[in-house]
2 protein chains.
Amino acid sequence: MDVKTCCLAALLTGEATGYEIKKMFEEGPFAHFQSASFGSIYPSLTALRKAGMVSVSTATGEGRPDKKVYVITEAGRAELLEKLEITPGRDQIRSDFLFLMFFSELQAPDRIGDLIDQRRAYFDQALDDIARVEVESPAGPGRAFVRGFGKAIYTAALRYLSDNQKPLLDELTTNHGSRPDAGGGNGPDAEHDNKTTQAAE
Amino acid sequence: MDVKTCCLAALLTGEATGYEIKKMFEEGPFAHFQSASFGSIYPSLTALRKAGMVSVSTATGEGRPDKKVYVITEAGRAELLEKLEITPGRDQIRSDFLFLMFFSELQAPDRIGDLIDQRRAYFDQALDDIARVEVESPAGPGRAFVRGFGKAIYTAALRYLSDNQKPLLDELTTNHGSRPDAGGGNGPDAEHDNKTTQAAE
DNA sequence: CCATCATATATCGGATCGATACATTCACCC
DNA sequence: GGGTGAATGTATCGATCCGATATATGATGG
């Protein structure tokens, strides 16, 4: 979902500053399935204000200068409801961890073991986060459903890692010396009799 | 992982054209944890060629004009190995589906039911994809580990959806008329006694 | 007494996506 | 025979978005 819509969604739970919206994507209820950076949040809020989707009130407390508190308007709420009617596309997942694991054979087994340990800690943390958010904002059935989903996924991931860490490491250490050089020699389907001309440069 | 590194990774399994690399991110072994578009793949390949990481051979078959087949070089292989040493960051997940489910209360229960049905079909498809890739490219322990991980996650997701679809829909239909207007009246922690000045415009 | 963290706004360059244009082959159907 | 559309391919453009950074202030703490 684009950042503007995400900002509207964040503001639906109450007024907030740009900074607070960022935190909602880092630690709050959206943390595990949406994200946005300052570089997109602030421009989005400005655009939403110009479009009348949000209103701003500048809070001048003690010392701290301008602190812009954003509130969603009726138009903004209508806009969000409209966006909720889209057909959701593919989930986008980008995991450096799985990328590294994909090439386990090219790395030292110890390194692979460390990576898995780190990832298990990471998933433990994720479960703690969900539990914490669960206490902080009880909320309705939609949120509970999403939280439950996250819990199920992370629990399964954790189980998979603990079940398969040792087997993988065993396999890597036994076949260690061989180094299969990954696609050099007998590569996949070497069938193409096109005339090829080597490019210069 | 940046697109350049992803291209090198794709080429490690054998030579390929830009088009084929794209397909590897859509249907191939990387499909479920990395992605890239033409708009980033082609510039990346050009940059990699200039840096000597890949070499190009233009295949002039019958009819079809220039078809640039890319091959990873030794320098490219070294570069990839270096990139494998990074510490992996957070997995990035962006799910429109969970975003929509988060706001279940604002939508018709039938619509929610449809969304869940669609997502179950989507996860079924994902499991089929993994099974298909498993047959097409047997490969080593790293790939098997990643595939197993995906299988575990999708299976858990599927189970969660089938277990919780009906309970959610029941909850939504019973509380239907109420429409909790999400954060308007008794919003979260209304404690801030800063002087606020309403912004014009 | 100064480092450093948390709060807070904002911008810039670059990475990346999504859509699109273009060109050709092949399969299919009428 | 001819037309339509899918698949294969390269390539670019605008819009979006991220990551790093600059700026400023108060609180915390060694």
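Below, chain A is the first sequence line, B the second, and so on; all start at residue 1.
- When each of B:Arg94 and B:Thr46 is assigned the nucleotide of DNA chain D bearing its nearest heavy atom, the one mapping closer to the 5' terminus is B:Thr46.
- Ring geometry for B:Phe30 against B:Phe33 counts as tilted: the plane angle lies between 30° and 60°, on a 0 to 90° scale.
- Atom CZ of B:Arg49 and atom C1' of D:dT10 are 13 Å apart (whole Å).
- B:Met1 places its CE atom 18 Å from the P atom of D:dC18, with the value rounded to the nearest Å.
- Ion pairing between A:Asp114 and A:Arg111 fails under the 4.0 Å rule for side-chain N and carboxylate O.
- For the residue pair A:Lys83 / A:Thr5, a side-chain donor-acceptor distance below 3.5 Å is found, with atom types taken as modelled.
- When distances are taken from the side chain of A:Glu20 to each of C:dA10, C:dA8, D:dA7, the shortest belongs to C:dA8.
- The CG atom of B:Asp2 sits 12 Å away from the P atom of D:dG19 (whole-angstrom rounding).
- Contact annotation: B:Lys68 side-chain N/O to D:dA11 OP1/OP2 distance is under 4.0 Å.
- For C:dA15, neither phosphate oxygen OP1 nor OP2 lies less than 4.0 angstrom from any side-chain nitrogen or oxygen of B:Lys4.
- B:Thr17 has no side-chain polar atom (N or O) that falls below the 4.0 Å cut-off from OP1 or OP2 of D:dT8.
- The side chain of A:Ser40 places an N or O atom within less than 4.0 Å of a non-bridging phosphate oxygen (OP1 or OP2) of D:dC18.
- At whole-Å resolution of the value, CD1 in B:Ile41 and P in C:dC17 are 8 Å apart.
- Between A:Gln92 and C:dG18 there is a side-chain N or O to OP1 or OP2 distance below 4.0 Å.
- At whole-Å resolution of the value, CD in A:Gln34 and P in D:dT16 are 16 Å apart.
- Summarising the geometry, the separation between CD1 on A:Ile21 and C1' on C:dA10 is reported as 15 Å, rounded to the nearest angstrom.
- Checked against the 6.0 Å centroid criterion, the rings of B:Phe102 and A:Phe145 do not qualify as a close aromatic pair.
- Among all heavy-atom pairs drawn from A:Glu105 and B:Pro141, the shortest one is OE2-CD, 3.5 Å.
- For A:Ala152, the side chain to side chain contact (heavy atoms under 4.5 Å, CB included) partners two or more places apart in sequence, or in a different chain, are B:Tyr160.
- Minimum heavy-atom separation, B:Ser44 to B:Cys7: CB-SG, 4.3 Å.
- The nearest heavy atom of DNA chain C to B:Gly39 and to A:Pro43 marks one nucleotide each, and the one closer to the 5' end goes with A:Pro43.
- From one end of the helix from C:dC1-D:dG30 to C:dC30-D:dG1 to the other, with five pairs defining each end axis, the axis direction shifts by 30° (rounded to 10°).
- Taking the side chain of A:Tyr42 as heavy atoms from C-beta on, and the options D:dC18, D:dT10, C:dA8, the nearest nucleotide is C:dA8.
- With distances taken from any side-chain atom of A:Phe38 to the nucleotides C:dT9, D:dG9, D:dA11, the minimum falls on C:dT9.
- As judged by a 4.0 angstrom heavy-atom cut-off over every strand, B:Gly18 is placed among residues touching the sugar-phosphate backbone only.
- In this structure, NZ of B:Lys22 is placed 14 Å from P of C:dT20, rounded to the nearest angstrom.
- A cation-pi arrangement is absent between A:Arg120 and A:Phe123 under the rule of less than 6.0 angstrom and at most 45 degrees off the ring axis.
- The residue B:Lys23 sits close only to the backbone: its heavy atoms come under 4.0 Å of sugar-phosphate atoms, none of a base.
- Atom pair A:Glu27:CD and C:dT7:C1' shows a separation of 13 Å (rounding to whole Å applied).
- Side-chain N/O atoms of A:Tyr19 include one lying less than 4.0 angstrom from OP1 or OP2 on C:dT7.
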